[in-house]
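Note that this is a predicted model, so its numbers are computed, not measured. Chain naming here is simple, since letters A, B, ... match the order of the sequence lines and numbering starts at 1 in each.
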Amino acid sequence: MNRTQLLQNNRKYYFRYYRLVVVAVIVMMAVLSGSLVLGDSVRGTLKDRVAERLGTAETIITSGTGFLEDSIMQQPLLSDAQGVLLVEGFVSIQDKLLPVYVWGTDNDSIEPGETLINTPLQQKIDDEEDLVLHLPSHSLVPSGSLFVTQSYATQMRMHVKGVKTVEEGGNLLLKNEQALPLNLFVNRQELAEIMELEDKINLILSPKFIQEEDFSAIWNPSFSGIDITDSTLISDRIFIQPSIVEKVNAPERYFSYLVNDLIVGNDTVPYSFVTATNTWNGQPLTGAEIILSDYAATRLHVQKGDSVDMSYFVSRDLKNLDTNAQKFKIKQVVPLQELQAHTLLKADFPGLSNVEKCTDWDSDLPIRMDRIHQIDEDFWYAYKNTPKAVVAYDAVAHQWSNSFGTATGLRFDKPLSKGLITMSDAEVSVLQPRADGLYAAGHGTDFSSLFLALGFFIIVSGILLMQNPLLEMFTQRKHEIQLYLQLGYSQRIVQQLLMKEAAGVILAASPVGVAAGILYSGITLWLLGNVWSGATHTEGFGLHLQWLTIVIGWAVGVMICMITLWTIIRSLQRPVQALRLPGAAALRKKTTGTAFLAVITILLVVWNFLSLHSMALFIVAGFLWIITSGFALDVCISRKVSTATWLTHNSMLWKEWYATRKQQLWAFWSLAIGVFTVFAVGLNRPDFSNDQEVTGGYQLYVDSRVPIQYDLNNTAVRSKLNLQDLPENTRFLQFLRHEVDEASCLNLNKVATPTVLGVDLETMERFGLEVHETSLPAVYVDQEALIWSMMKMVGDTLVYKNGKGENIPVLIAGTYPTGIFHGNAMMQQETFRQLWPEETGVKVLLAETDEPQQVTELLATALNEYGLRIQTTQERIAMFFEVTDTYLVIFLTLGGLGLLLGIFSLIILIRKNMTAQEKNIMQLRTLGFSEAAIREHLFKTNVYIPLCAIGIGAIGSIISISANVAGAGWGTWCMAVICFAVLGSTVYYGIKRMTFTKQF
Amino acid sequence: MSAYIELNDICKSFSDGRDQVRNVLDHLNLHIEKGDFVSITGVSGSGKTTLLSVLGTLLRSDSGSYTLNGADIYQSDRPLHEIRNQEIGFVFQDFRLLPQLSALDNILLPVLASKSETTEKEQEYALQLMEFMGIQALKDQYPETLSGGEKTRVSICRALIQHPSLLLADEPTGQLDAENTKLIADLFLQINKEMGTTVVMVTHSAEMANIAQKQYRLRNGQLEVC
């Protein structure tokens, strides 16, 4: 014989205990290693999504809010690349509004009128074959400027030709998000024509790594619509960016403008083009000087030296128009033909310059056509947009300039040096998104630790489930263990033998546990994409196995099992303490201490309920309640035992409990704390119905796909947009938006730069935002997004790219409570405009109204071209908190499973105790106790304290959520009551079965 | 010349649940020569099992000295478990056979205390012991199929496998009938005479007590010669 055979014999003989150990090891290892595999799988899926959304693109070149000539694609550097015109639009299907990305490409052989869609969009539109695609109406001139056409949206009717699969690049998306985009692929030429962007692209996707220097070497300003000759510079976007104007520092600047009137007394020339410049015929033009055309001088009956008034519109925020007027003194009257011959005096504003008649003007300005007479039409017919006057640049520049430009033309003496105007002046930037995307995917929400925490109770219960059968087995074998010692086995050898015996079982079960863990993570991934999709808003999670993770999970699980085993074996050697009855002084001390704790607990609950309303303190109170109850139980048992005189059935119960009180107390606290934790967390659902900070008191949240260039609080605008029926007390709070990454809980990737909303931050005080003075541009981020999505702190710096593609540090100056703006960073409006001057128009609105339903209907009808998605603020909150709610459901589910397992192991513990008391039980039989009386006594000894523990834990959890009882909702409360009932009845009937069926 | 076993001034006490102390062995002295056969009797609770546990190094006395073969047990460099394994054999009233091992394996169990496997020589010796006891046919049987007498003989073989110089028996015939009691009594005598093993036996049975050449009674924590 050898020791190995001895161990094998032992394992075979005591298999009925070891099979429970096997189950426990498998359960624990499954949750442990499964959680780790789950984390890898989510990260792996997110990385797969990076590959899906970037396709083969290693380099992305964007032109910001501007465009590039498609002729740049002829460059050898871009031979493998694809030029794209990318626009955000929306598709309306039945009552649904689907935000889409429209990719105008030259590939894919898409004919005009046809479109390829990706699979997620196909799933949304079912069998629809024809779509109406709504797009923002673009031209080269920025929409936020004054001289654009009236329509901000346009449409295309498309026939769905087919589906572009993932492998074919159907899920292209430039943002770090795992949510699948809704993509349409259309013929680029067709798209460009609809949007008046012929021969333009705004995106280049290259499968090669292209360094910024290499692209810069092939780029020249003409590719960005900046036309430079030896002496002049103009832009196809009409307005020349301020940075370019400053860099060129041309001696002659020109700014063409449509003014309302030139007035002298009763004589008026309406709606004339006037150009501002700083020199005329080599002479400076300054102050209030005007060069008038002879045409205008004739109509106004003026001559050199006379004064002329000029009125014109200027735009404040969101095209709130003011009318300004200035007086000029005529410096010179010149022939109109001279002005006509000067090309830089004219600018080709779309909708204004290229029409036959004045009455054909298509402009967003409130032009009164009744003021235009035949004389004006005759002028237009002959001279089109030739200016009728030239004014000093300095007189009007600060009024006419805007964030899009400070000039419409430049003239200089000598050719500009090569490289003076850079790509960043034209908003062109070169990006390698794959590394960033993979980093964001790999460092986002950590599902490993999340599910280890959620499955904590299952792991603890698994440990108890392993511990209790081992304890029972070793209790049964205590004579055997004594025998080894008596036969001369050293303590060390005995411990080693027991360790090896059980360790063999653990090691054999562990790979099964790991396999179960892989199955567990597979099931969980499916649940996360389906039943629990409220937590992730993502489908199609895939299992990604990494051997290192599996080995680590296995090793940690085995280590936990071995430590548990070692603790049990060590405890076997501890000498049994002789039973001592409680002394009076010790009992008095315990009673006083417990009473003190009870008073503290009650005072805390009452004070918090009446005054403080702190959630954290309620949780502390609930926990204290449980601890105090345990001590009270101990005091109660000790008192009963020390005061008992005659032996009764009841006093036997108290004496039994006293004899095992340490074990009873630990079981009580474990079960009570387990119940408390599971239910206090699971029932703790916030209630926002009266929370001003969350909604700011606004009723509607509106997201616009097409930027709204108007101030909806302006009465004239409401009339213009057919919103005159809005209830009078309806007020809108309007936000600019610079879209980067989604930083809400709906995005599982780590977010480096969240989307920014620009607003007057004083209006955000209603949302609990406190503004601080800072030296850097600052943002305020909501608390949840800061911690979980961005993993940053107040005081950290974010790096945003401004409109020119330059990296700008932005300070996180503070936070605001998580609410309807979850995931967004708030920035002062002025700072926003400095960073992103081209991003005009409102994309987010809040509406404060007494008639939210009516306002919703009016907005949806009047602004149907803008792709509005309107939600109540409560719906929006619920959308975000669905994530938290789902995690709480998962916690309740897994925690509840863990508790059930814990109760199962408690029952095994009771069985072990009964085994230990077998001789006592036999003795009772010998003394004449009936079988029924013995079983009844055993049942009462073992059932009261666990039931009490469940009750105490339940009360503790109710205390902890007493500030927010309504938050959980009826459904959750019903589930909680059912869980309590299941736990209680499992304890009751499980112990009953055990005590009435165990054979002695 | 010192005796083979010397217990000098041994005291051992236990406390009950109410902080009251009971002196089980009270300045006890015992001298046993090598090859002696000693029986110890006494009423229930007199401390017989405690005395045997002290002799078997399972319990340490509160005071006094214990010398075995000239060496002070409590001062020796040799670990007590080694002494127990090599020098002392135990026979218990309730046999204490492991149910998962066969009779032969139960007999060989003490060998594995000091090494990981038994040698052929040891296995042969075990079989010889079984033959000596008349139970060689039971070598592959498991304890639950053996009678009380057979179990006692198996446990005696186990006690002798390491060639101990001292054999301690605690009520070895407590669960046996008269016939088996006589059988066991004869075996103990044989072991004592033929193997020269010193035997100390605790018993209630007068018949078993009388086979010993030296008889003691344990009373009030001290030994009296019968």
Side-chain angles (χ1 to χ4, degrees), chain A residues 1-18 473-474 476-501 573 575-586 638 641-642 644 655 658-661 918-919, chain B residues 14-21 52-53 56-59 78-92 94-102 104-120 122-123 126 139 142-144 155 158-159 161-162 164 168 170:
Chain A
M1 182 168 88
N2 54 40
R3 282 181 188 168
T4 308
Q5 284 169 328
L6 174 64
L7 298 181
Q8 275 167 354
N9 278 330
N10 291 347
R11 287 184 201 120
K12 225 163 58 174
Y13 191 78
Y14 291 106
F15 179 66
R16 70 186 182 284
Y17 298 104
Y18 280 122
M473 180 183 70
F474 290 135
Q476 267 230 324
R477 292 169 72 182
K478 69 172 187 258
H479 291 302
E480 178 182 335
I481 294 166
Q482 272 177 5
L483 175 66
Y484 290 127
L485 295 169
Q486 285 157 356
L487 293 178
Y489 286 67
S490 67
Q491 287 268 23
R492 192 176 60 88
I493 298 290
V494 173
Q495 284 173 351
Q496 271 180 15
L497 285 175
L498 295 176
M499 271 298 290
K500 281 181 186 173
E501 182 186 308
Q573 257 97 62
V576 177
Q577 299 278 348
L579 189 62
R580 280 178 162 68
L581 288 177
S638 301
V641 165
S642 61
K655 287 175 194 291
Y658 184 78
T660 55
R661 72 185 184 289
E918 198 160 339
K919 284 201 175 125
Chain B
F14 296 99
S15 69
D16 64 11
R18 292 178 193 272
D19 295 324
Q20 294 203 358
V21 174
L52 215 61
S53 297
T57 72
L58 292 168
L59 272 182
R78 218 171 151 206
L80 291 179
H81 68 83
E82 199 182 295
I83 296 172
R84 214 159 41 240
N85 183 247
Q86 305 289 326
E87 306 287 345
I88 304 171
F90 280 91
V91 179
F92 303 97
D94 55 358
F95 324 118
R96 299 209 185 158
L97 301 178
L98 296 189
Q100 64 265 35
L101 300 180
S102 65
L104 178 61
D105 286 342
N106 265 290
I107 292 167
L108 289 167
L109 194 56
V111 176
L112 294 183
S114 53
K115 50 189 175 180
S116 58
E117 59 181 29
T118 58
T119 62
E120 210 175 305
E122 284 152 345
Q123 288 163 23
K139 71 180 178 62
Y142 283 82
E144 62 199 18
S155 63
R158 183 180 63 192
I161 189 68
Q162 296 280 66
L168 301 174
D170 187 356

Could you tell me which portion of Ser114(B) (side chain, backbone, both or neither) has an atom closer than 4.5 angstrom to a non-hydrogen atom of chain A? backbone
Which portion of Leu58(B) sits near chain A, non-hydrogen atoms under 4.5 angstrom: side chain
Pairing residues for Glu82(B) by the salt bridge (charged side-chain N to carboxylate O under 4.0 Å, His left out) criterion, not counting sequence neighbours: Arg78(B)
Whether Arg84(B) side chain and Leu485(A) backbone form a donor-acceptor pair below 3.5 Å: yes
Measure from the side-chain N and O atoms of Thr118(B) to the backbone N and O of Met1(A), and report whether any donor-acceptor pair falls under 3.5 Å. yes
Once you round to the nearest 0.5 Å, how far does CG of Leu97(B) lie from CD of Glu480(A)? 11.5 Å
Interatomic spacing from CG in Leu112(B) to CG in Leu7(A) - rounded to 0.5 Å: 9.5 Å
I want to check something: taking the side chain as every heavy atom from C-beta on, are [X] and [Y] in contact at a cut-off of under 4.5 Å?
X         : Y         : answer
Tyr13(A)  : Leu101(B) : no
Gln5(A)   : Glu117(B) : no
Arg158(B) : Leu487(A) : yes
Gln486(A) : Ile88(B)  : no

Heavy-atom pairs under 4.5 Å with chain A - which of Lys115(B), Gln162(B), Gln123(B) has more of them than the others? Lys115(B)
Out of Gln86(B), Glu87(B), Gln100(B), which one racks up the most heavy-atom pairs below 4.5 Å with chain A? Gln100(B)
Taking non-hydrogen atoms and a cut-off under 4.5 angstrom, which of residues 490-497 of chain A neighbour chain B? Ser490(A), Ile493(A)
Take Phe92(B) and Leu483(A) through the side-chain contact (heavy atoms from CB on, under 4.5 Å) test and state the conclusion after the steps. CA-CA 10 Å; Phe92(B) 303 97; Leu483(A) 175 66; 4.0 Å; yes
For Pro110(B) and Tyr489(A), which heavy atoms make the closest approach, and how far apart are they? CA-CE1, 4.3 Å
